[in-house]
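For this chain, numbers begin at 1 and follow the sequence in order. Computed from a predicted model, the values in this text were never measured in an experiment.
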Amino acid sequence: MKIALVGPDPRFKGGIGQYNHFLALEALRQEHELLFVGFERQYPKFLYPPRRGDTAASACRGDHAMPLSEHWGSDAARTEDTAANYTVERLLSWTRPFSWIAAANRIAAFSPDVIVVPWWTLFWYPWFAPLLDRLASVPRVVIAHNATDHEQQGIRGRLSRWAASRIFRRANRVIVQSATEKEQVLRMGAQEAIIVHHPVYPHFSSNISREEARTRLGIPQTATVFLLFGTIRPYKGADLFADAVASLPRDIIGVIAGEIWDKRLGLILKQKTETTSNLMLLDRYFSHEEGAVLFAAADTVVLPYRSVTGS
């Protein structure tokens, strides 16, 4: 089968690029022919909430370089899957409103049996909608990571729902990751929706011992460690996590690790950290290798989400 995959790759921060990476690898493992059409530029830097840029490289320079990197050696966590054996053709860019034309033409020339497009944000509607229209003769699959944008209310929320419904109507099939999302995308006009639960990513596995990981992080070996990992946004309940940790014995340590996207939430967490000796806040992006060290150090991962889509 010839598969055209559109969207971000692991050059860009966030779970969508990682998801596409493993999807591409699996397609190749099953000996499908793959065309991966990606982004040259995904978002303008001033719109990316932490204002550090949306690429992994942008988070690893200057003031935002990661102290743990000084310790990285040949024993750092690695997985074979992090080395991509595919080529990303970077044809889409937010700086070129009509870059969808080049992407659609390239896909049409490839003559795919199916085109796969992720949906997770309103921002890319002006590119994805006409691209899908241009390729109406090709079976189109949309992977709905979020039926609508997280935490969007008012006019932006309504616009997000409007855009998502029109993307779903263009698809022959929408893939969702929970029963709730399936019901929602069907109400929004999808022709067909199927549930494929989110896979387990292998790239945070590690050959580093718990003792070594805790030494690198400066965490006592005898402590019980709870970890909240990933982009920090209000719906993920980091403030609930911080409050819970503050009420626990001091030999239980809570680690919040990830970029904070909300200024008010960031202030709350920083103030809580200052008054809670067993709460550690690491406000920055973590590479796969550093993330693996955090997981190796933890006893339990805690996800106190206020709402969740399965993504």
Side-chain angles (χ1 to χ4, degrees), residues 1-42 54-56 78-94 96 98-121 124-146 167-177 185 190-203 205 288 310-311:
M1 178 182 291
K2 299 177 72 174
I3 301 173
L5 174 62
V6 178
D9 65 276
R11 172 191 179 192
F12 297 96
K13 294 186 286 188
I16 310 300
Q18 295 169 8
Y19 188 106
N20 285 344
H21 169 70
F22 292 116
L23 180 59
L25 290 175
E26 182 61 21
L28 294 174
R29 189 189 69 81
Q30 295 188 23
E31 300 184 345
H32 298 296
E33 188 175 350
L34 177 71
L35 171 66
F36 195 152
V37 174
F39 296 149
E40 177 186 0
R41 295 183 180 180
Q42 184 178 213
D54 62 345
T55 64
R78 295 285 187 266
T79 65
E80 293 180 2
D81 285 347
T82 58
N85 54 358
Y86 54 80
T87 299
V88 178
E89 298 192 21
R90 303 188 185 283
L91 302 178
L92 293 166
S93 174
W94 70 266
R96 301 196 307 276
F98 296 101
S99 58
W100 67 266
I101 297 175
N105 289 342
R106 177 66 182 93
I107 293 170
F110 179 64
S111 299
D113 297 299
V114 64
I115 174 174
V116 180
V117 177
W119 179 256
W120 74 102
T121 179
W124 277 96
Y125 177 81
W127 287 264
F128 287 175
L131 184 146
L132 289 172
D133 286 341
R134 168 69 174 79
L135 299 166
S137 62
V138 181
R140 295 162 295 175
V141 173
V142 169
I143 300 176
H145 293 275
N146 308 307
I167 290 292
F168 300 152
R169 292 171 192 270
R170 287 171 163 88
N172 301 95
R173 174 177 292 176
V174 178
I175 294 175
V176 296
Q177 298 166 359
V185 301
Q191 299 178 39
E192 179 186 3
I194 64 171
I195 300 172
V196 178
H197 294 295
H198 198 291
V200 176
Y201 291 155
H203 60 288
S205 62
H288 296 167
S311 175

- Below 4.5 Å, heavy atoms only, C-beta onward: do Trp119 and Phe168 meet side chain to side chain? yes

- Query: So do the side chains of Gln30 and Met1 get within less than 4.5 Å of each other, counting heavy atoms only?
  - Reply: no

- List the steps and the verdict of side chain to side chain contact (heavy atoms under 4.5 Å, CB included) for Leu35 and Arg106. CA-CA 9 Å; Leu35 171 66; Arg106 177 66 182 93; 3.8 Å; yes

- Decide yes or no for Glu26 and His32: does some side-chain heavy atom of the first lie under 4.5 Å from some side-chain heavy atom of the second? no

- Got a second to check how far Gln18's CD is from Leu23's CG, nearest 0.5 Å? 13.5 Å

- Test item: Arg96 side-chain N/O and Leu91 main-chain N/O as donor-acceptor pair under 3.5 Å: yes

- Query: Taking the side chain from Lys2 and the backbone from Val114, do they hold a donor-acceptor pair closer than 3.5 Å?
  - Reply: no

- Any chance you could measure Ile143, atom CD1, to Ile175, atom CD1, to the nearest 0.5 Å? 5.0 Å

- Message: Determine whether a donor-acceptor pair (N or O, by modelled atom type, separation under 3.5 Å) exists between the side chain of Gln191 and the backbone of Arg173.
- Response: no

- Closest non-hydrogen atom pair between Gln42 and Trp94, with its separation: C-CD1, 3.7 Å

- Nearest heavy atoms of Leu135 and Ala104, plus distance in Å: CD2-O, 3.7 Å

- Is any side-chain heavy atom of Leu34 closer than 4.5 Å to a side-chain heavy atom of Leu5? yes

- Message: Does any part of the side chain of Val176, heavy atoms only, come nearer than 4.5 Å to the side chain of Ile194, both counted from C-beta?
- Response: no

- Query: Do Asn20 side-chain atoms and Pro8 backbone N/O form a donor-acceptor pair below 3.5 Å?
  - Reply: yes

- Message: For a 4.5 angstrom cut-off between non-hydrogen side-chain atoms, does Phe128 reach Val6?
- Response: yes

- Please check if any side-chain donor atom of His198 sits under 3.5 Å from a side-chain acceptor atom of Tyr19, or the reverse. no

- Which value, rounded to the nearest 0.5 Å, describes the distance between Arg90 atom CZ and Ser99 atom OG? 13.5 Å

- Query: Could you give the distance from CZ (Arg134) to CD1 (Ile101), rounded to the nearest 0.5 Å?
  - Reply: 9.5 Å

- Message: Can you confirm whether His197 sits close enough to Ile195 that some side-chain heavy atom of one is under 4.5 Å from a side-chain heavy atom of the other?
- Response: yes

- For Arg140, does its backbone N or O pair with a side-chain atom of Asn172 as donor and acceptor, under 3.5 Å? yes

- Query: Taking the inter-plane angle between the rings of Phe39 and Trp124 on a 0 to 90° scale, is it parallel (under 30°), tilted (30 to 60°) or perpendicular (over 60°)?
  - Reply: parallel

- Would you name the heavy atoms of Val185 and Ala193 that are closest together and state the gap between them? CG2-CB, 3.6 Å

- Note on the structure: Minimal heavy-atom distance between Gly7 and Phe36, with the atoms involved, is O-CE2, 3.4 Å

- Give, for atom CZ of Arg170 and atom CD1 of Ile167, the distance between the pair rounded to the nearest 0.5 Å. 5.5 Å

- Task: Output, in order, the C-alpha distance, side-chain angles, deciding distance and verdict of side chain to side chain contact (heavy atoms under 4.5 Å, CB included) for Ile3 and Asp113.
- Result: CA-CA 6 Å; Ile3 301 173; Asp113 297 299; over 6 Å; no

- Report yes if some heavy atom in the side chain of Val37 is under 4.5 Å from a heavy atom in the side chain of Val88; otherwise report no. no

- Message: Check whether Trp100 reaches the backbone of Ala129 with its side chain - one donor and one acceptor, N or O, closer than 3.5 Å.
- Response: no

- Query: So, for Pro112 and Ile107, which heavy atoms are closest and what is the spacing to 0.1 Å?
  - Reply: CD-O, 3.1 Å

- Query: Roughly how far, to the nearest 0.5 Å, is CG of Leu92 from CH2 of Trp127?
  - Reply: 9.0 Å

- Message: Closer than 3.5 angstrom, by distance alone: can the side chain of Ser93 be matched with the main-chain N or O of Glu40 as a donor-acceptor pair?
- Response: no

